[in-house]
Amino acid sequence: MKNGGRIEAAIQVLDDVMNRHQPVKSAMRDWGKRARYAGAKDRAWVSGLVLDALRHRNSLAYAMQSEAPRVLVLGALRHVWDWDMKDIESALKDEHAPSPLTGEEREGILLAPDPSAPLHVRGDFPEWLTPHLTRVFGEDTVIETQEMSVRAPVDLRINTLKADPEKAGKAVKTAGGKPSDLLVNGYHIPAPDPSQRETSLQSIPAYSKGWVEVQDAGSQIAAAAGNAKPGDNVLDFCAGGGGKTLALAAMMEGKGQVFAYDIDGRRLSALIPRLKRSGAHNVQLCHPKEPEALEALTGKMDLVFVDAPCTGTGTWRRKPDTKWRLKESALAKRNEEQAMILDKASEFVKPGGRLLYATCSFLAEEDEDQVTAFLERNDAFRQLDAVQNVIESGQLTDAGIDIVRRNQIPGGAVRLTPRKAGTDGFFFAVLEKKA
């Protein structure tokens, strides 16, 4: 495909996302079915342009004076991909390209960013979130949120149940992987140019062998804060796809027991092939259709890990379409769910055991507010120093420990952001049940 046809395809996909409320993956899949002629590079190019238009939706709309999908795509070419006017006009002459630029579009393309624009425009986030974000970030709100609008790297965790970092690292390097600055057993593949296709990890033998798992560095650090030891009994209470289940099992060196539970039985079942590939033999699934298996764990766990359902604001780099679908009512609903989940999960902690609460969110209402409210309801628990737990786990490099220390907040919890840690947005707090 020529660039003009790709631009037209991006406009069609973005229209499906914005006006038909489809997730980007679904819209790209549907377009791909209609465009059988499109190759892998074409799909990557179109997807990259759509995602970047969404990442910068507010600032592009402000500059271009329109939220129309066509205008956002053209604006992204100039303001995000740094195309000059000649490149854009040349592409629009291709066969199957959109119509030529209008005078208004040309003016918008030439405009520089306006430093006096409102916070939600410069930071590219929904306007209703302004007080929530300024509460957390204050004067740094724009800087922090702008970093949430850039492409994220692919982070990998070396599965030490099957391979050591040196052995697996050699295989990962063939895909452009580099050792993590933060994690002893971590690697990352830098984000490619927006128009380039990302590396397919499934094509790497190390992945199919179970030597590596895809897991954001922030998620790996949160798992490390659990400080699970060989021989422990651990409950991953909101296991989801099982990333932290596998990380915890590896930390325990296959000794002890990890129980994985999720209210969604289908997501839990999807963990089975990942378990087989990873070689984690010390994991048991607690299916929601068999509640007696979960209840038998009451008061017996050394660690209960709660990666609570949340708004997912910390994943905006990877899923920019979700931030524009987020509503204030959804935040309120999540807050109710988080409180109920914390109360239920606490029942499984034994005296002297730990409860780790985590979210992939940077909103205080989902993070420290939940911890504070839980401690007010449950005087049997006290908050620990999360940084100390991370250090004791032995999973972080000296640089990683320094990052965690610098991102600790009052009370002992840790909040990571793309700007300050180079990870997705993540929060975690460690609580202990008094003996």
Side-chain angles (χ1 to χ4, degrees), residues 219-239 244-262 280 282-286 291-308 337-359 366-396 401 404-405 407-415 426-435:
S219 177
Q220 293 183 55
I221 293 171
N227 195 20
K229 300 296 185 184
D232 279 353
N233 285 312
V234 175
L235 171 61
D236 188 355
F237 192 66
C238 302
K244 294 180 189 65
T245 298
L246 299 177
L248 292 166
M251 288 173 61
M252 294 163 61
E253 302 174 6
K255 302 171 185 177
Q257 200 69 49
V258 180
F259 300 90
Y261 170 80
D262 196 276
N282 62 327
V283 176
Q284 291 186 33
L285 304 186
C286 296
E292 63 277 1
L294 179 65
E295 294 305 317
L297 307 180
T298 301
K300 298 179 181 179
M301 297 295 102
D302 295 287
L303 170 66
V304 176
F305 198 109
V306 178
D307 184 4
E337 293 172 345
Q338 289 153 0
M340 290 188 292
I341 287 171
L342 260 175
D343 286 343
K344 181 61 180 177
S346 68
E347 298 175 4
F348 300 99
V349 185
K350 74 177 188 182
R354 302 177 309 286
L355 173 63
L356 192 148
Y357 175 74
T359 72
E366 300 188 275
D367 297 342
E368 58 264 44
D369 286 1
Q370 288 291 348
V371 173
T372 298
F374 171 79
L375 292 174
E376 290 175 350
R377 298 192 303 270
N378 298 270
D379 58 8
F381 284 82
R382 67 186 182 96
Q383 187 167 0
L384 300 180
D385 183 339
V387 174
Q388 188 59 37
N389 275 262
V390 169
I391 294 173
E392 291 177 3
S393 74
Q395 300 295 307
L396 270 66
I401 291 171
V404 173
R405 279 195 176 121
N407 286 279
Q408 189 168 33
I409 64 176
V414 171
R415 177 182 289 111
F426 235 96
F427 169 91
F428 55 89
V430 184
L431 312 176
E432 182 183 59
K433 187 171 185 179
K434 300 172 186 176

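- Between Phe237 and Phe348, the angle of the ring planes lies from 30° to 60°, which puts this pair in the tilted group.
- Residues Ile391 and Leu396 fail the side-chain proximity criterion, which asks for heavy atoms closer than 4.5 Å.
- Heavy-atom minimum distance, Val234 versus Ala228: CG2-CB, 4.2 Å.
- The backbone N or O of Leu375 sits nowhere less than 3.5 Å from a side-chain atom of Asp379 that would complete a donor-acceptor pair.
- For Ala413 against Ala386, the heavy-atom pair with the smallest separation is CA-CB, 4.4 Å.
- The residue from Leu235, Val349, Leu248 that alone fulfils the side chain to side chain contact (heavy atoms under 4.5 Å, CB included) condition with Leu303 is Leu248.
- In this structure, Arg382 and Lys434 have side chains that are in contact, with non-hydrogen atoms separated by less than 4.5 Å.
- For the residue pair Ser393/Asn227, the side-chain donor-acceptor check at 3.5 Å is not satisfied.
- Counting all heavy atoms, side chain and backbone alike, Arg354 lies closest to Asp232 at NH2-OD2, 4.1 Å.
- Taking the six-membered ring where the residue is Trp, the centroids of Phe381 and Phe374 are separated by under 6.0 Å.
- Tyr357 has its side chain out of reach of Leu355: every pair of non-hydrogen atoms, C-beta onward, lies at least 4.5 Å apart.
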Next item on the list: Go through Val258 and Gln284 one step at a time and tell me if the side-chain contact (heavy atoms from CB on, under 4.5 Å) criterion holds.
Entry: CA-CA 6 Å; Val258 180; Gln284 291 186 33; over 6 Å; no
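- Taking the side chain as every heavy atom from C-beta outward, Ile221 and Phe428 approach each other to under 4.5 Å.
- The structure places CG of Leu297 at 5.0 Å from SG of Cys286, a figure rounded to the nearest 0.5 Å.
- Here the shortest heavy-atom pairing between Asp262 and Ala239 reads OD2-N, 3.5 Å.
- Gln395 and Gln220 form no side-chain donor-acceptor contact under 3.5 Å, judged by distance and modelled atom types alone.
- Closest approach of Pro351 to Gly299, counting heavy atoms only: CD-O, 4.4 Å.
- Side-chain contact between Leu356 and Val306 is absent, with no heavy atoms from C-beta onward closer than 4.5 Å.
- By the neighbour-count criterion of 12 heavy atoms within 6.0 Å, atom CZ of Arg405 is sparsely surrounded, having that number or fewer from other residues, nucleotides or ligands.
- Residue Asp385 holds its CG atom at 9.0 Å from CD of Glu392, rounded to the nearest 0.5 Å.
- A heavy-atom distance below 4.5 Å is found between the side chains of Gln383 and Val371.
- Here the side chain of Thr372 pairs no donor or acceptor atom with the backbone of Asp369 at under 3.5 angstrom.
- You'll find the side chain of Glu368 reaches within 4.5 Å of the side chain of Arg415, heavy atoms only.
- Summarising the geometry, atom CD belonging to Glu347 is positioned 9.0 Å from atom NZ belonging to Lys433; distances are rounded to the nearest 0.5 Å.
- Salt bridge Lys350/Asp302: present, at least one basic N to carboxylate O contact under 4.0 Å.
- Residues Asn233 and Gln257 have side chains that never bring a donor and an acceptor to within less than 3.5 angstrom of each other.
- Nearest heavy-atom pair, Ala308 versus Gln338, reported as atom, atom and distance to 0.1 Å: CB-CG, 4.1 Å.
- The shortest side-chain heavy-atom distance between Val283 and Thr245 falls under the 4.5 Å cut-off.
- When only modelled atom types and interatomic distance are considered, Lys244 and Ser219 share a side-chain donor-acceptor pair under 3.5 Å.
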Note to self: Walk me through whether Ile341 and Cys238 qualify under side-chain contact (heavy atoms from CB on, under 4.5 Å).
What the structure shows: CA-CA 9 Å; Ile341 287 171; Cys238 302; 3.9 Å; yes
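- A salt bridge links Glu295 with Lys344: at least one charged nitrogen is closer than 4.0 Å to a carboxylate oxygen.
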